[in-house]
Protein chains: 2
Amino acid sequence: MNPPRLLLVEDDPALAELLEFRFRAEGYGVSVTSDGDEALLLAAEEIPDLVILDWMIEGTSGIEVCRRLRRDKATAHVPIIMLTARGAEDDMIRGLETGADDYLTKPFSPRELIARVSAIMRRIRPALAGELVNVGDLTLDATAHRVTRRGQVISLGPTEFRLLKFFMEHPGRVFSRGQLLDAVWGTDSDIELRTVDVHIRRLRKGIEQEGAPDPVRTVRSAGYALEAV
Amino acid sequence: MNPPRLLLVEDDPALAELLEFRFRAEGYGVSVTSDGDEALLLAAEEIPDLVILDWMIEGTSGIEVCRRLRRDKATAHVPIIMLTARGAEDDMIRGLETGADDYLTKPFSPRELIARVSAIMRRIRPALAGELVNVGDLTLDATAHRVTRRGQVISLGPTEFRLLKFFMEHPGRVFSRGQLLDAVWGTDSDIELRTVDVHIRRLRKGIEQEGAPDPVRTVRSAGYALEAV
DNA sequence: CGTTTTTGTGACAAATATTTGACAGCGACG
DNA sequence: CGTCGCTGTCAAATATTTGTCACAAAAACG
């Protein structure tokens, strides 16, 4: 989970390499591909936090990749930044309507792209920007590694902390055990799905308080969610 | 839910009026001001869902407004779209670093701005961007796995949930038991047709409410349909 | 009205899913 | 080295859902 992951879909090898280097320097994990179909595979496999998508790529076209990412439930909420050629305003609008969150026309300065990416990251994963995240009566301070409920400090184990953090970054949404495993343990862990249940239990036990309702909702046959209210 | 509210901070009366008109047509509530200080007052008073902020305005400057909006806890998380003059890339970058979420250089097409606004809205308040399905007094939020009727949360078993979801995606249409089995249980299930009846009953029981009519219509010798009550 | 067809209902056992307590392995740390 | 906290797995205990029945109720039909 920890470093935010980008998926960069870019044709031009020089640009791709430059951007990859710059983003890694910013502390992002970066996957790169030049091919639309491969992009979809990668996205499905290791759900990224953000996709940077060139409009003109090999294989499946940019707009199609965008559409499919949106259609797949697992990636439906991943922000997408499109890169288009200067002057292709119609492409841009179609892209935004298809579900992209932002776009940039080439040529652009890497600095500008980075600024945009972090603007989006701040919104998507505020905890990474050192901000306090609030959900219901819970408060999470990522930099201080501290959780508070109704003013009371809560102490959680590392895994429970990451789990709660992930939930708090997506309040209300239901995640399957598999998704939680990917997000909290990492994509390449071969851990039993049931283990998630156990950690959910530990999380619940950790944050339970006299007279306070359990904010972790079990959605039978689907997964778990952190109650938005 | 009430319509999303925009705060438009724009100097140019003609542009302001045009945008206000367009956004109202899109279903947004719009407050307009040309003055930076007034913008801050308005924002504090009726916290908007999004701010569109011209860089060059009277009173407090755009960047200062941006900074202060971010500093005030109540408005710290409200997305901001900046409008800057063409070529002021540095302004733009400073803006994004100050906490703006997006920017547009003038001149821009209203359509483009609208596309961006709804892209952001989709991200911020997914509930407003059509992720909610509404039929009559029923509301279904697929990502939260939640059904609401007249504001009351309804709890349904997995199958009933899928059944209702399917109905809500095709409101008014009549489906035979066989079609429902295919759609909700899967094409390769060898389940008694009558089982559908039982689940329809469970669905009805789940969503029934004091003084509310039953939206599930039985069509004798044909099947069932969900009506918009 | 009696008969036939179709749908609504309550009950229930089997199947599924989740919760919980226990436990052994591991690594950090004194 | 011993202790302690954290992890991942299990399996038993619970809880919930599911598909079917049998029968009641309702509707269609002659």
Side-chain angles (χ1 to χ4, degrees), chain A residues 1-2 145-147 153-167 174-208 213-227, chain B residues 145-147 153-167 174-209 212-227:
Chain A
M1 153 169 214
N2 250 343
H145 239 256
R146 159 169 304 208
V147 182
V153 176
I154 299 288
S155 97
L156 296 174
T159 309
E160 283 71 62
F161 184 84
R162 289 201 308 274
L163 184 56
L164 179 60
K165 179 169 155 211
F166 179 71
F167 271 132
V174 174
F175 295 97
S176 72
R177 294 174 174 74
Q179 291 176 314
L180 291 172
L181 231 37
D182 283 355
V184 177
W185 278 259
T187 40
D188 49 322
S189 65
D190 53 344
I191 294 198
E192 286 295 322
L193 285 182
R194 292 268 138 244
T195 300
V196 174
D197 299 38
V198 179
H199 282 277
I200 287 282
R201 166 145 205 299
R202 289 169 180 160
L203 173 58
R204 277 178 167 147
K205 211 158 192 174
I207 64 180
E208 88 183 339
D214 178 9
V216 180
R217 183 162 61 105
T218 304
V219 181
R220 207 147 224 275
S221 81
Y224 298 94
L226 182 70
E227 216 45 71
Chain B
H145 249 258
R146 165 157 289 174
V147 182
V153 175
I154 300 289
S155 101
L156 297 173
T159 308
E160 283 74 61
F161 183 85
R162 289 201 306 275
L163 184 57
L164 178 60
K165 181 168 168 224
F166 178 71
F167 271 132
V174 177
F175 295 97
S176 73
R177 293 173 175 74
Q179 291 176 310
L180 290 173
L181 274 183
D182 284 355
V184 178
W185 278 258
T187 40
D188 50 321
S189 65
D190 52 344
I191 294 196
E192 287 295 322
L193 283 181
R194 290 302 311 277
T195 299
V196 174
D197 297 41
V198 178
H199 281 278
I200 287 283
R201 162 137 208 306
R202 287 168 180 160
L203 174 57
R204 279 177 166 148
K205 206 160 193 174
I207 64 180
E208 88 183 340
Q209 257 180 6
D214 177 8
V216 181
R217 185 161 56 101
T218 304
V219 183
R220 205 180 164 78
S221 77
Y224 299 94
L226 182 72
E227 302 205 297

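Chain A is the first sequence line, chain B the second, and so forth, proteins listed ahead of strands; every chain is numbered from 1.
For B:Arg220, counting side-chain heavy atoms from C-beta on, the closest listed nucleotide (D:dT9, C:dT6, C:dG8) is C:dT6. Comparing D:dT17, D:dT7, C:dT18 by their nearest atom to the side chain of B:Thr159 picks out D:dT17. Residue A:Arg177 places its side chain closer to C:dT18 than to any other of C:dT7, C:dT18, C:dG21. Distances were taken from every side-chain heavy atom of A:Pro158 (C-beta onward) to each of D:dC6, D:dC21, C:dG21; the shortest belongs to D:dC6. For B:Asp197, whose side chain is taken as the heavy atoms from C-beta onward, the closest listed nucleotide among C:dT18, D:dG8, C:dT7 is C:dT7. Minimum atom distance to the side chain of A:Thr218 is reached by C:dT19, of the listed C:dG21, C:dG10, C:dT19.
A straight line from CD1 of B:Ile200 to P of C:dT7 spans 11 Å, rounded to a whole angstrom. What separates CZ of B:Arg162 from C1' of D:dG19 is a distance of 13 Å, to the nearest Å. Atoms CG (B:Leu163) and P (D:dT18) sit 11 Å apart, rounded to a whole Å. Put simply, NE2 on A:His145 is 13 Å from P on D:dC6, counting in whole angstrom units. The nearest whole Å value for the distance from the CD atom in A:Glu192 to the P atom in D:dT9 is 5 Å. Rounded to an integer number of Å, the gap from B:Leu180 CG to D:dG19 C1' is 16 Å. Distance, B:His199 NE2 to C:dT7 C1': 16 Å, rounded to whole Å. Separating the CG atom of A:Leu193 from the C1' atom of D:dC10 is a distance of 15 Å, rounded to the nearest angstrom.
Between A:Arg217 and A:Glu227, at least one side-chain N (NZ, or NE/NH1/NH2) sits under 4.0 Å from a carboxylate O, which counts as a salt bridge.
Contact check, B:Trp185 against D:dG19: a side-chain N or O comes under 4.0 Å of OP1 or OP2. The shortest distance between the side-chain N/O atoms of B:Arg201 and the OP1/OP2 oxygens of C:dT7 is not below 4.0 Å. The phosphate of C:dT6 has neither OP1 nor OP2 within less than 4.0 Å of any side-chain N or O from B:Tyr224. Remark: A:Arg204 is not in phosphate contact with C:dT20, judged by side-chain N or O atoms under 4.0 Å from OP1 or OP2. For C:dT7, the OP1/OP2 oxygens have no side-chain nitrogen or oxygen of B:Ser221 closer than 4.0 Å. Dashed line: the shortest gap from a side-chain N or O of A:Lys205 to OP1 or OP2 of D:dC6 is not under 4.0 Å.
Between B:His199 and B:Trp185, the ring planes lie perpendicular to each other; the angle is over 60°, past the 30° to 60° tilted range.
One N or O on the side chain of A:Arg162 and one on the backbone of A:Val184 form a donor-acceptor pair closer than 3.5 Å. Side-chain atoms of A:Arg177 do not come within 3.5 Å of backbone N or O of A:Asp197 as any donor-acceptor pair.
In the model, B:Thr218 has a side-chain atom that pairs as donor or acceptor with a side-chain atom of B:Arg204 under 3.5 Å.
Checking A:Arg202 against A:Gly223, the closest nucleotide of DNA chain C that is more toward the 5' end is the one next to A:Gly223.
Within the 4.0 angstrom heavy-atom criterion, base atoms lie near B:Thr195. In this structure, B:Phe161 reaches neither bases nor backbone, as no heavy-atom distance under 4.0 Å exists between it and the strands shown. Across all strands, B:Asp214 comes closer than 4.0 Å to no nucleic acid atom at all (heavy-atom distances).
Not less than 6.0 angstrom separates the ring centroid of B:Phe167 from the ring centroid of B:Tyr224.
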